[in-house]
There are 4 protein chains.
Amino acid sequence: MSSTEPKPQRADARRNRERIVEAARDVFAEAGLQAQMDDVARVACVGVGTVYRHFPTKAALLGELMATKFRQHAEVARRWAAQTDDGWDAFEGFLRETFAAMARDATLQQRMNWTQDGDAVARAEAERQILSGVVGELIERAQAQGRMRPTFAVQDVPALMCAVGAVMAARESAPIDADRFVEFVIDGLRA
Amino acid sequence: MSSTEPKPQRADARRNRERIVEAARDVFAEAGLQAQMDDVARVACVGVGTVYRHFPTKAALLGELMATKFRQHAEVARRWAAQTDDGWDAFEGFLRETFAAMARDATLQQRMNWTQDGDAVARAEAERQILSGVVGELIERAQAQGRMRPTFAVQDVPALMCAVGAVMAARESAPIDADRFVEFVIDGLRA
Amino acid sequence: MSSTEPKPQRADARRNRERIVEAARDVFAEAGLQAQMDDVARVACVGVGTVYRHFPTKAALLGELMATKFRQHAEVARRWAAQTDDGWDAFEGFLRETFAAMARDATLQQRMNWTQDGDAVARAEAERQILSGVVGELIERAQAQGRMRPTFAVQDVPALMCAVGAVMAARESAPIDADRFVEFVIDGLRA
Amino acid sequence: MSSTEPKPQRADARRNRERIVEAARDVFAEAGLQAQMDDVARVACVGVGTVYRHFPTKAALLGELMATKFRQHAEVARRWAAQTDDGWDAFEGFLRETFAAMARDATLQQRMNWTQDGDAVARAEAERQILSGVVGELIERAQAQGRMRPTFAVQDVPALMCAVGAVMAARESAPIDADRFVEFVIDGLRA
DNA sequence: AATGAATGAGACTTCATTCAT
DNA sequence: AATGAATGAAGTCTCATTCAT
């Protein structure tokens, strides 16, 4: 599934891998993408070498973080798609849930949105396309049922996500703002 | 004016300063925030030392770039505010014109994650507040006249701008997409 | 025998040891001294830990490789010494045979600059001295019989061997060149 | 001429460059090719950054060292070629002088002979070919005049040089040995 | 005031070696 | 005994900033 390290064998290795990913999430959220691999290692309580054993480059680690996000969003989209035949309801549900999730992970979201590291982006490309596919179907369905603006397109979804990140960057009271913000978006997209 | 270098003395110094700012715009648009001060200097056809004479740190240079943008947007907002008494029309005009300007400057928007460099952001804070003030008045007026959602707030404006940047990052056909995107936003914000 | 691991206990341990030495020969021939212990382990189909069980350090492994070479050359020298009473003939035979053997093992000769790793050299010192002793006798005998330049000395033998390595490094057609080269040497050393 | 940095402008920059090259010569002679760039910088009394300003990589610095050697040898060969019409005398002169020079710089010679770093070798390739050309002419002339073995070829020259390095590695009394060694070689190559 | 060479802290990554399983 | 994951010191190189010319 993941673009790196399909299945770590040993239990302790897998545990380490998870600790590293969690540490990376915290560290990059805290200090931005320019945080160092040594910091990630320290927070994960492992040596740098271990970080590099699991992720061959910093970009790979960053990519895994992005890929995880994409996978989670895709999962949400799939769940909503299965839950109702109404395309708009499904899309709205996906949007609200995803925004809420992003709000909970606000800082990282903000840091990540604009990743300059082309290599990291490339490593999450597969997951990004999957997400695009799932959300694209939601959009098409909603538009076919005449409940969504026909001019909206999948490519606009990242823009919404970025906007969510920006709202969060502007204020501390993230959850409230995200809730408020999602209403504008939904009203703007309805047919 | 800018937070740095209130009044340049010599004519050639002023000319250098301008060349540096232009070079910075080009270079950061091309290569993103990780572009080097040496690159800026080379493109500006001056030594690095000269760049540092005008801007004491990289963050200061970046800050000046942001401040310039803020000043331009504030100028647009002021013009629309003077042009019509209808708050919503003024806001809509401001939004369309600003989005269009950002679309024209797409590469820079794409490449730069301004919020990444906290120090640079801080240095453009004054200009940001001025912009906030002007746009805030537009919003209040439009809301007082009952033509804008009362839940929209100035703090949400950066989110919209970020979203515009994201639309551009997602596609090459930037101008078209920005036009399309502004419609969603306007419909989402109308009362 | 070797300076490490005087008597391997188990049959499988001995087999492992051999596999490691062979793997090391291949890997170092391929990639030079900068080849990694992990590579040796992988080629030998054992874990790194096993490599370290047999050879406490990389230098020890390298030393064993050198020692093996020295032992083989000494064996050749001994055989020629026993075969004829004519010192020069014995020396010439030894030289031709050794050069030919080195030519056959050209890649390793090319890739490995044995003398670079002082520690490895130290670990093969015993074998080197033995080889020196045997060859020294050959030389003395040839000189006593007036058939070899009296100024030639055992210490010059490594120089010849190094030269053979260099001939190989310079060309692909190693065997031919080595043959050609040995003639110069022999003519240069004859009284 | 050099493969890197054709002409440093400033006097102090050129002085630094020379100091770096000298330091590199000492440091690599002392500690082998695995000596660190930081060491070179320290011995040259400059920052590492300065070393990297003059030589973009370690391989480039190593390459320059090799190139310098090749240039010096070529210079010697040219001088002898111009000095006498007798090809053999010229070659013998070149050989004796070069061997003596190598003896004076024995340790570096030894370290360098076997450089594994393909990149460094590549960077001195141009100079190596020039040297080959000049020496090749010497050899051809000597062979045409019937005074040198017809089977000797330019490609064998590196072998001789390597051998000189090896003689030196084997003993401390380098100059003496080199003198003794050159006699064997000369006798071996004469027709 | 301008230049660009110099600086050096700090970033990423490697790899010989150790040690828990 | 064997395994291979973990370790972390050490190495190469970068780049914002300073400073002699």
Side-chain angles (χ1 to χ4, degrees), chain A residues 8-17 20 34-42 44-61, chain B residues 8-10 12-13 16 34-42 45-61, chain C residues 8-10 12-13 16 34-42 45-61, chain D residues 8-17 20 34-42 44-61:
Chain A
Q9 273 75 354
R10 287 216 231 153
D12 59 339
R14 193 160 43 244
R15 195 159 39 249
N16 268 340
R17 196 189 142 91
I20 289 166
Q34 73 270 32
Q36 298 165 222
M37 294 300 265
D38 284 15
D39 296 334
V40 173
R42 188 163 22 73
C45 300
V46 298
V48 229
T50 305
V51 177
Y52 276 93
R53 162 170 281 268
H54 289 282
F55 302 95
T57 59
K58 187 179 182 179
L61 179 52
Chain B
Q9 276 80 354
R10 289 216 223 150
D12 61 335
N16 268 342
Q34 71 268 37
Q36 295 168 224
M37 292 300 263
D38 281 353
D39 295 333
V40 174
R42 188 165 23 74
C45 299
V46 298
V48 231
T50 305
V51 177
Y52 275 90
R53 165 164 295 273
H54 289 282
F55 301 95
T57 61
K58 188 179 183 178
L61 178 53
Chain C
Q9 276 80 351
R10 291 215 222 149
D12 62 336
N16 267 343
Q34 71 266 39
Q36 297 167 222
M37 293 300 264
D38 281 350
D39 295 334
V40 174
R42 188 165 24 75
C45 300
V46 298
V48 231
T50 306
V51 177
Y52 275 91
R53 164 163 295 272
H54 289 282
F55 301 94
T57 62
K58 187 179 183 179
L61 178 52
Chain D
Q9 273 75 353
R10 287 216 230 152
D12 59 339
R14 191 159 46 245
R15 193 159 40 248
N16 269 339
R17 188 184 206 285
I20 289 166
Q34 71 271 33
Q36 299 166 221
M37 293 300 264
D38 284 15
D39 295 335
V40 174
R42 189 163 22 72
C45 300
V46 297
V48 229
T50 304
V51 177
Y52 277 94
R53 163 171 281 268
H54 289 281
F55 303 95
T57 60
K58 187 178 182 178
L61 178 53

*Start with the C-alpha gap between A:His54 and A:Thr50, add the side-chain angles, then the distance that decides, and say whether side-chain contact (heavy atoms from CB on, under 4.5 Å) holds.*
CA-CA 6 Å; A:His54 289 282; A:Thr50 305; 3.9 Å; yes
*asked:* I need the NE2-P distance between B:His54 and E:dA1, as an integer number of Å.
replied: 8 Å
_Options F:dA6, F:dA2, E:dA2, nucleotide nearest the side-chain atoms of C:Thr50_ = F:dA2
_So that I can compare with my own list, what are the stems of DNA chain F, taken as at least three consecutive Watson-Crick or G-U pairs with distances under 3.5 Å?_
E:2-21 with F:2-21
*Check the distance between F:dA6's P and A:Arg17's CZ and give it to me in whole angstrom.*
11 Å
_A:Arg42 bridged to A:Asp39 by N-O distance under 4.0 Å_ = yes
*To the nearest 0.5 Å, what is the distance between NZ (C:Lys58) and OH (C:Tyr52)?*
8.0 Å
*Interatomic distance where CG belongs to B:Asp39 and C1' belongs to F:dT14 [whole Å]*: 12 Å
*Quick one: list whatever passes side chain to side chain donor-acceptor pair (under 3.5 Å) with D:Asn16, sequence neighbours left out.*
none
*Once each nucleotide of nucleotides 13-21 of chain E is scored for protein heavy atoms under 4.0 Å, what B/S/- sequence comes out, 5' to 3'?*
BBSSBB---
_Presence of B:Asn16 side-chain N/O under 4.0 Å of E:dA1 phosphate oxygens OP1/OP2_ = no
*Measure the spacing between CE of D:Met37 and CD1 of D:Ile20 and express it to the nearest 0.5 Å.*
8.5 Å
*Within this structure, what is the CZ-to-C1' distance between C:Arg42 and F:dA5, rounded to whole angstrom?*
16 Å
*asked:* By nearest heavy atom, map D:Cys45 and B:Gly47 onto DNA chain E; which one lands nearer the 5' end?
replied: B:Gly47
*Can you tell me how far P of E:dA5 sits from CZ of D:Arg53, to the nearest Å?*
4 Å
